[in-house]
Protein chains: 2
Amino acid sequence: MSNAPHILVIDDESQIRRAIRTILTEKGFRVTTASRGEEGLTLAATNEPDIIILDLGLPDMDGVEVCARLREWTQCPIIILSVRDSEHDKVAALDAGADDYLTKPFGIEELLARVRVALRHSTSRQGAQTKLVKAGSLTIDLVWHIVKRGEEEVKLTGTEHKLLAYLAANHGRVLTHQNILTQVWGPADANHTEYLRVYMRQLRKKLEVDPERPQYILTEPGIGYRFISDG
Amino acid sequence: MSNAPHILVIDDESQIRRAIRTILTEKGFRVTTASRGEEGLTLAATNEPDIIILDLGLPDMDGVEVCARLREWTQCPIIILSVRDSEHDKVAALDAGADDYLTKPFGIEELLARVRVALRHSTSRQGAQTKLVKAGSLTIDLVWHIVKRGEEEVKLTGTEHKLLAYLAANHGRVLTHQNILTQVWGPADANHTEYLRVYMRQLRKKLEVDPERPQYILTEPGIGYRFISDG
DNA sequence: AAAAATCTTGAAGGTATAATGAATTTCGCA
DNA sequence: TGCGAAATTCATTATACCTTCAAGATTTTT
């Protein structure tokens, strides 16, 4: 699974690395590990993890320093692990840009819960960003209901957008009439192919360069329709 | 009226409330306190704090319940304070939507550091959007809660402003009725679309050049509304 | 090549949704 | 407790959308 959250663990104790890797992998995360600060910084830059778990007691450089270096360019959530329990250490790390601080020894479940919190944060940040499907000069924002043709926006009705979104989400695939109808109109209208014809035409009118020779919304005669996108 | 970050403290022990209030006020924060869960929920809805500090051991309802109720409509950072140190309690609270968990007794400096972390999160969430939204002759200051039309200030009621602020913060995006209603009125009124119609009209009357041909607040029939800004 | 099936195209009526204006209730404040 | 502003509710008008239908074009079948 390539879209599973990716976690970078930076810790010099190999047992801890192994333990955390086992636990996180079991929960479905992708895990990368580093034993030294420099290595961790490099991996963070190349792999762009979703979360970084960082031990303060590294051999080559101070964890707070690693934290600060990371914050120069990334907002990725950082969870600190440390044997140091002093308030001073916690404040230093948190003010250096860390998002959370756990003192060793820590409970597995608590670590996982705090990872989930960090994940919530990073995904809510991503959620503000737009997820786009592109096809020629078309840009379809599935999240925010915005469709652009070049620079100008195309106004779509609710049903039109629902239909286009379903086509775009399955771009490249042939979708049967019944399949589309049940998804967009609901199972009750599964055999109202007239609806499809009317709406496909409206979409083509609004989106295609030449509606009579569609290049995005293709007809698969006797079967259904298909949406062609870039990439 | 100050724009200092606003923190809501929900705790039943009056000494703790007083202590936290003193410390936070000293650091320049605005502080509101509540001693019971229901009171806290109400204050959270009316005052819209930037951070909520919540004690788990409330007399009238469970802290985890308070957490869950808050998460129905707000993303505001929640820091848990609790005497309970068990892993089970921590996991329950964090999974209910809390962002951090401190066990009593806690260090003042650590609390402040974690408040700063929470503040970073809330401002970076807002920071993704511009704090000053301009649309034609309109200027909407999301931080100072000021709306100007040309040079003169527009007087808006509480609900009107909350609604406009939410639209402006998400300018360019299509927001569904339910989305707007849960954010502005709360999840209980998620299907009272009448409210929206009435308030959209009032906003248009106060903001639009020609309220009958709105250029800022657009209707997306069957879906919701959208605010158009410059750029 | 003719016929049949499928798809496209255009337009119109009915219906759900939105705008409007105003009355009523609630709430905050003195 | 009473006043005024704000929030909610309601009835009416206006609008946009979904649905429906019919005729022309295209593709497939025989």
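Here is how names work: the chains are called A, B, and so on, in the same order as the sequence lines, proteins then strands, and each is numbered from 1.
Here ring-ring contact (aromatic ring centres under 6.0 Å, His included) pairs that include residues 47-105 of chain B, with residues two or more places apart or in two chains, number zero. Evaluation of the side chain to side chain donor-acceptor pair (under 3.5 Å) test over residues 204-215 of chain A, restricted to residues two or more places apart or in two chains, returns E160(A)-K206(A), R204(A)-T219(A).
With hydrogens and angles disregarded, no donor-acceptor distance shorter than 3.5 Å links the side chain of R173(B) to the backbone of W144(A). Of the possible donor and acceptor atoms, one in the side chain of N170(A) sits under 3.5 Å from a partner among the backbone N and O of Y166(A).
Note that CG of L175(A) is 9.5 Å distant from CD of E220(A), once rounded to the nearest 0.5 Å.
A residue-by-residue look at T157(A) and L156(B) shows that L156(B) has its nearest nucleotide of DNA chain D further toward the 5' end. Toward the 5′ end of DNA chain C lies the nearest nucleotide of G222(A), the other residue of the pair G222(A) and T193(B) mapping further downstream.
R114(A) has no carboxylate O lying under 4.0 Å from a charged side-chain N of D99(A), or vice versa, which leaves the two without a salt bridge. Salt bridge status for K90(A) with E110(B): present, with a side-chain N to carboxylate O gap under 4.0 Å. Salt-bridge annotation for R84(B) and D62(B): present, with a side-chain N of the basic residue lying under 4.0 Å from a carboxylate O of the acidic one. With respect to D60(B) and R36(B), a salt bridge is recorded, a charged nitrogen being found less than 4.0 Å from a carboxylate O.
Note that the two end axes of the helix from dA1(C)-dT30(D) to dA30(C)-dT1(D) enclose an angle of 40°, each drawn from 5 base pairs, rounded to 10 degrees.
Partners of T157(A) according to the side-chain hydrogen bond (donor to acceptor under 3.5 Å, both in side chains) rule, which considers only residues two or more places apart in sequence or in another chain, do not exist here. Scanning for ring-ring contact (aromatic ring centres under 6.0 Å, His included) contacts around Y225(A) gives H177(A), with sequence neighbours left out. Taking the ring-ring contact (aromatic ring centres under 6.0 Å, His included) definition, one finds that H192(B) meets it with Y195(B), sequence neighbours left out. D189(B) pairs by the salt bridge (charged side-chain N to carboxylate O under 4.0 Å, His left out) definition with nothing, not counting sequence neighbours. For D95(A), the side-chain hydrogen bond (donor to acceptor under 3.5 Å, both in side chains) partners at least two apart in sequence or on another chain are R116(B).
Rounding to whole angstrom units, NZ of residue K162(B) and C1' of dT8(D) are separated by 16 Å. Following rounding to the nearest Å, I223(B) (CD1) and dA16(D) (C1') show an atom-to-atom distance of 12 Å. Atom-to-atom, CZ of R201(B) to C1' of dT13(D) comes out at 13 Å; the value is rounded to the nearest Å. Look at NE2 on H161(B): it is 18 Å from C1' on dA5(D), rounded to the nearest Å.
Nucleotides of DNA chain C lying under 4.0 Å from heavy atoms of chain B occupy a range whose first and last members, 5' to 3', are dT17(C) to dG21(C).
Crowding of Q178(A) atom CD: a count of heavy atoms from other residues, nucleotides or ligands under 6.0 Å not exceeding 12.
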> Going 5' to 3' along nucleotides 24-30 of chain D, which nucleotides have protein heavy atoms under 4.0 Å from the base (write B), which only from the sugar-phosphate (write S), and which from neither (write -)?
Replying inline: -------
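S35(B) and D12(B) share no side-chain donor-acceptor pair at under 3.5 Å.
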Close N/O contacts between protein and nucleotides 19-23 of chain D (under 3.5 Å):
residue, atom, partner, partner atom, Å
dT19(D), OP2, W185(A), NE1, 2.8
dT20(D), OP2, Y195(A), OH, 2.6

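Taken residue by residue, residues 212-220 of chain A places heavy atoms nearer than 4.0 Å to DNA chain C at E212(A), T219(A).
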